[in-house]
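The structure appears right after this line, and notes come after that.
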Amino acid sequence: MKIGVIVFPGSNCDADMAYAWEQISGKKVVMLWHKDHSLQGVDLVVLPGGFSYGDYLRSGAIARFSPVMQEVQNFAARGGLVMGVCNGFQILCESGLLPGALMHNDSHKFICSNVYIRAEHQDSPFTRCVPLKRALKIPIAHGEGKYYNNSSALEDMSKAGQILFRYCDENGIVNQASNPNGALENIAGICNAGKNVFGMMPHPERCTSEILGNTDGRYIFLSVLDRVRA
């Protein structure tokens with residue numbers, strides 16, 4: 001499996017993401033620059049977190065026009081696997097590869113903390129190895145993480161299995177008290193209709209090592225590896 005991590009001006013989680021993928025997959029990760037016109041034959045494209053282009057206008061609004069994003073769109077249209085975390089999720093929404101938008105947190109403050117999320121089902125390449133009904137502790141670090149879409153679109157997404165993760169408490173119960181940013185329906189991660197493009201606000205790459213005292217993020221990485229190997 002060949003994995004590519006895109007680097008935009010302002011990305012600051014690209015090295016963390018590459019390290020996590022290399023440790024879990026055992027393969028060297030390809031770093032893709034935002035001006036590249038080739039994805040170098042990767043099987044998975046990852047858009048990491050950070051502050052692409054300084055988050056001017058809106059988070060991800062400028063990055064969507066980077067030359068590499070045309071390649072990502074073509075790759076996704078062919079069924080290629082694409083994963084975006086935090087700022088990467090915002091870029092995927094801005095580019096139309098994922099539905100909806102990420103808005104300012106209800107608190108209008110940047111939030112950096114551990115939260116709990118749960119997988120809604122295992123019917124996607126990104127959740128197939130995630131234990132159901134188990135709360136995963138994953139860190140967040142964002143100022144614009146409130147997922148929004150209109151009510152009819154949310155209903156359609158739910159029916160199509162596009163809502164992959166919801167914020168919950170440590171017991172796996174979804175409630176408003178466990179919603180860190182005001183996201184509609186406690187949504188923490190979604191996919192497209194084809195289930196090959198995935199975005200989430202929490203950072204699974206920051207909890208994949210025993211030395212950090214938390215390996216809950218590994219389930220998401222292992223899900224993708226299992227899908228590709230299958």
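Just so it is clear, the structure is predicted and the values come from calculations on it, not from any experiment. What you see below is based on every heavy atom in this structure, not just the backbone, and it leaves out hydrogens, waters and symmetry mates.
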Item to check | Residue His34 excluded, over 12 heavy atoms near NE2 under 6.0 Å | outcome: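 Atom NE2 in His34 is crowded, with more than 12 foreign heavy atoms closer than 6.0 Å.
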
Next on the checklist: For Phe110, is the CZ atom crowded, meaning more than 12 foreign heavy atoms sit under 6.0 Å from it?
Outcome noted: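 Correct, the count exceeds 12.
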
If the condition is salt bridge (charged side-chain N to carboxylate O under 4.0 Å, His left out), which residues does [X] pass it with, not counting sequence neighbours?
X      : result
Lys109 : none
Lys137 : none
Asp156 : none
Asp123 : Lys195

Does any N or O in the side chain of [X] come within less than 3.5 Å of the main-chain N or O of [Y], such that one atom is a donor and the other an acceptor?
X      : Y      : value
Ser124 : Phe126 : yes
Gln122 : Val130 : yes
Asn186 : Tyr167 : yes
Asp43  : Lys2   : yes
Asn87  : Ser52  : yes
Thr127 : His121 : yes
Asn105 : Gly145 : yes
Gln162 : Cys191 : yes
Asp169 : Ile173 : yes
Ser158 : Glu155 : no

Any side-chain heavy-atom pair of [X] and [Y] under 4.5 Å:
X      : Y      : answer
Met157 : Pro99  : yes
Met201 : Leu102 : yes
Leu47  : Val45  : yes
Phe75  : Val82  : yes
Leu39  : Leu32  : yes
Met200 : Leu164 : no

Next on the checklist: side-chain contact (heavy atoms from CB on, under 4.5 Å) for Phe165 and Ile138? Distances and angles first, verdict last.
Outcome noted: CA-CA 11 Å; Phe165 290 98; Ile138 313 283; over 6 Å; no

[Y] reachable from [X] in the ILVMFWY side-chain graph, under 4.5 Å edges:
X      : Y      : answer
Leu132 : Val224 : no
Val29  : Trp33  : yes
Phe51  : Met17  : no
Val174 : Ile187 : no
Ile163 : Met103 : yes

To the nearest 0.5 Å, tell me how far [X] [atom1] sits from [Y] [atom2].
X      : Y      : atom1 : atom2 : result
Ile6   : Glu71  : CD1   : CD    : 10.0 Å
Ile91  : Leu97  : CD1   : CG    : 11.0 Å
Cys207 : Asn114 : SG    : CG    : 8.0 Å

Identify, with sequence neighbours excluded, every residue that meets side chain to side chain donor-acceptor pair (under 3.5 Å) alongside [X].
X      : value
Gln40  : none
Glu94  : Arg58
Glu144 : Ser59
Tyr116 : none

Closest non-hydrogen atom pair between [X] and [Y], with its separation:
X      : Y      : value
Arg206 : Pro139 : CB-CG, 3.8 Å
Ala18  : Met31  : CB-SD, 3.8 Å
Gly100 : Cys93  : O-CB, 3.6 Å
Gly182 : Asp106 : CA-OD2, 3.3 Å
His203 : Gly49  : CE1-CA, 4.2 Å
Val85  : Pro202 : CG1-O, 3.3 Å

Would you say the side-chain atoms of [X] and [Y] include a donor-acceptor pair closer than 3.5 Å?
X      : Y      : answer
Tyr147 : Asn181 : no
Asn150 : Ser152 : yes
Ser178 : Asn175 : yes
Asp55  : Tyr53  : no

Checklist entry - Under the side chain to side chain contact (heavy atoms under 4.5 Å, CB included) test, which residues partner Asn192, sequence neighbours left out? => result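 Here the qualifying residues are Leu98, Asn196, Val197.
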
Item to check | Test side-chain contact (heavy atoms from CB on, under 4.5 Å) applied to Ile140 and Cys112, step by step | outcome: CA-CA 5 Å; Ile140 59 170; Cys112 183; over 6 Å; no

Checklist entry - Going through the distances and angles, do Lys133 and Arg118 end up as a side-chain contact (heavy atoms from CB on, under 4.5 Å)? => result CA-CA 7 Å; Lys133 299 182 180 179; Arg118 77 173 194 194; over 6 Å; no

Checklist entry - In the hydrophobic cluster built from side-chain contacts under 4.5 Å, what are the other members alongside Ile211? => result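 Answer for Ile211: Leu212.
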
Item to check | Inter- and intrachain pairs under ring pair (Phe, Tyr, Trp, His ring centres under 6.0 Å), touching residues 5-25, at least two apart | outcome: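 Ring pair (Phe, Tyr, Trp, His ring centres under 6.0 Å) check on residues 5-25 returns Trp21-Phe221.
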
Next on the checklist: Let's go through Met1 and Leu225 carefully: what are the C-alpha distance in whole Å and the side-chain angles of both, what is the deciding distance for side-chain contact (heavy atoms from CB on, under 4.5 Å) to 0.1 Å, and is it a yes or a no?
Outcome noted: CA-CA 8 Å; Met1 179 180 183; Leu225 290 174; 3.2 Å; yes

Next on the checklist: With side chain to side chain donor-acceptor pair (under 3.5 Å) as the rule and sequence neighbours excluded, what pairs involving residues 215-230 come up?
Outcome noted: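 Applying side chain to side chain donor-acceptor pair (under 3.5 Å) to every pair that reaches into residues 215-230, excluding sequence neighbours, yields Arg128-Asp226, Arg134-Asp216, Arg134-Tyr219.
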
